[in-house]
There are 2 protein chains.
Amino acid sequence: MKLALNHKSPIPLHIQAEELLRKMIADPQFQNGKLLPNEIDLANQLAISRTTLRQALNKLVYEGLLIRKKGVGTKVADAMISSKSANWLSFSQEMKARGIPIKNFELHVSWIYPEEIIANFFNIKTDQKILKLERLRGKPEGPFVYFVSYFHPRTGLTGEEDFKRPLYDILQADYNIISELSKEEISAKAADKFIASKLETEPGSPILFRKRFVFDQADRPIEYNLGYYKADSFVYTVESRRS
Amino acid sequence: MKLALNHKSPIPLHIQAEELLRKMIADPQFQNGKLLPNEIDLANQLAISRTTLRQALNKLVYEGLLIRKKGVGTKVADAMISSKSANWLSFSQEMKARGIPIKNFELHVSWIYPEEIIANFFNIKTDQKILKLERLRGKPEGPFVYFVSYFHPRTGLTGEEDFKRPLYDILQADYNIISELSKEEISAKAADKFIASKLETEPGSPILFRKRFVFDQADRPIEYNLGYYKADSFVYTVESRRS
DNA sequence: TAAATCACTATGTTTGTACATATTTGGTTC
DNA sequence: GAACCAAATATGTACAAACATAGTGATTTA
């Protein structure tokens, strides 16, 4: 692996180092509990000070991607997929950060009359068609999550978009809608026939079910999202502090 | 406001500074967009270097509690997320708030040699016994959650306590330990034989599995808690806002 | 042989210093 | 009065150095 930073670049060295570390994290070479080079050596290789390198390391440790242990070293955190409520990484970004290749198994777009609950959430009538997006995604070995999203007409989405791009990019760049607030409900349930067939598992097998309500800057509802995760494929992490 | 750190304390200065900053953030004096003292002055007042102070500031900025602007200053971010206090409700309080009567089905206290993972988390050896608390709780109709808690010897818990009182009350009132920070991991899994028998369900049936790591004011580990919730008996809600 | 000790390695903490860059402010000039 | 410029202010970036502490493994000792 080429280890060099551009000292002439206007991009700060600790940012460059951070980017490089993200690539290292994605590298299978460091995946299975193997240690990264130690801080002093790595700093020397990059021709930056240990302080600057640690600035980059700290960020990744904070994100839960790296684990440091005094007297031992620094390793990549086990690649169980997790979502930190603090950060707004999209599904694809999250996978990328961990070097897990994503495979899109299915993608289906349709215009449907919303169910009562959804119409209610969007504050619209049930006789107005809305965009429904279904996606089956996972690792190359097989799917592990089935998403269903409904979008408020306000988003302007046509269904013709290139959904290979991150959704939040599309909304922000092309439709000037920024997702600000998200409320989530996480629970466990048994897979029904439909979900089981999608996720290639048995009906009745455990599923992590995640409902997500997304709002824009003005707290207006934007997206209603349901995620069905195969058990043990996904861990939701939350950090909270008593105030 | 008294601004002083204990330079003799084994607790690192940047942690102490972080705690103090959290108190400042809570102080209405700095609430409405008013700026904190500048870094150099504040560092001088606390008798620490600017670097160390920035270490503390960085963490709070990363958490979205502070906003720094080059050439201007540092201020408290306005109107943060809720759901924090919700997370800090104890099980009994939570149920009470929902109007669900609790029934305690089983309670078992023992002293055990910790498994590697737990000893590791507590930063102790595996040859030192620790307190283990198992509880089966639920509605009058039947149990829906099985808890296992391990406590660091530091807590001073003897196992003779009246565990009908809320645990966090016991720790705070009787042992002067305040649980400050909690990290949680939520995932779905299948019930094994043991869990299934406790929760009066079938092996293989879906379980919401919640690992909870609790730390005290000085970020020292206090409790390692595992919760097995019967599917559909528990919903975890999170609210997060993009900063 | 088993326990205690010690050296080595790697991260953790902290300081002091220097210069860079964004913003605001106030004064000077046209 | 408006435009411009420069100083003051505050955070941002980066380095070097020193010592502390935790874990590991080898060597010595009981």
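What you see is a predicted model; the values in this text were computed from it and never measured.
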- Message: If you count every heavy atom of other residues, nucleotides or ligands that lies below 6.0 Å from A:Lys103 atom NZ, does the total exceed 12?
- Response: no
To the nearest Å, how far apart are [X] [atom1] and [N] [atom2]?
| X | N | atom1 | atom2 | answer |
| --- | --- | --- | --- | --- |
| A:Arg68 | D:dG23 | CZ | C1' | 16 Å |
| B:Arg54 | D:dT13 | CZ | P | 7 Å |
| B:Leu35 | D:dT11 | CG | C1' | 12 Å |
| B:Gln55 | D:dT11 | CD | P | 17 Å |
| A:Lys8 | D:dA14 | NZ | C1' | 17 Å |
| A:Lys59 | D:dT13 | NZ | P | 10 Å |

Could I get a table of every N or O pair under 3.5 Å where one atom is in the protein and the other is in nucleotides 6-10 of chain D?
| unit_1 | atom_1 | unit_2 | atom_2 | d |
| --- | --- | --- | --- | --- |
| D:dA10 | OP2 | B:Asn38 | ND2 | 3.2 |

- Give one of base, sugar-phosphate or nothing for A:Thr51, where a contact means two heavy atoms less than 4.0 Å apart. base
- Item | Sugar-phosphate only, base, or nothing, as touched by B:Ile48 at under 4.0 Å among non-hydrogen atoms | sugar-phosphate
- Task: Determine the sole option in B:Phe122, B:Tyr150, B:Phe151 for which the side chain to side chain contact (heavy atoms under 4.5 Å, CB included) test with B:Pro221 is passed.
- Result: B:Phe122
- If every non-hydrogen atom of A:Ala231 is compared with every non-hydrogen atom of B:Lys189, which pair is closest and at what distance?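 Between these two residues, the closest heavy atoms are CB-CA, 4.1 Å.
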- Grab the two heavy atoms, one from B:Gly73 and one from B:Leu35, that are nearest each other, plus how far apart they are. C-CD2, 4.1 Å
- What pairs with B:Tyr146 under ring pair (Phe, Tyr, Trp, His ring centres under 6.0 Å), at least two apart in sequence or on another chain?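 By the ring pair (Phe, Tyr, Trp, His ring centres under 6.0 Å) rule, B:Tyr146 matches B:Phe194.
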- Task: Validate the cation-pi geometry between B:Lys129 and B:Tyr113: distance from NZ or CZ to the six-membered ring centre under 6.0 Å, angle to the ring axis within 45°.
- Result: yes
- Item | Contacts of type side chain to side chain contact (heavy atoms under 4.5 Å, CB included), residue B:Pro12, not counting sequence neighbours | B:His14, B:Ile15
- Message: For a 4.0 angstrom threshold against heavy atoms of chain B, report the outermost contacting nucleotides of DNA chain C in 5' to 3' order.
- Response: C:dT13 to C:dT23
Name each donor-acceptor pair under 3.5 Å that joins a side chain in residues 64-72 of chain A to protein atoms two or more places apart or in another chain, with its distance.
| unit_1 | atom_1 | unit_2 | atom_2 | d |
| --- | --- | --- | --- | --- |
| A:Arg68 | NH1 | A:Glu39 | OE2 | 3.3 |
| A:Arg68 | NH2 | A:Asn58 | OD1 | 2.4 |

- Item | B:Glu184/B:Arg210 ion pair, N-O < 4.0 Å | yes
- Does B:Glu19 come within less than 4.0 Å of B:Lys23, counting only side-chain N to carboxylate O? no
- Message: Let's see if you get this right: which residues in residues 9-16 of chain A place a heavy atom under 4.0 Å from DNA chain D?
- Response: A:Pro12, A:Leu13, A:His14
- Query: Does the side chain of B:Asn44 pick up a donor-acceptor pair with the side chain of B:Asp41 at under 3.5 Å?
  - Reply: no
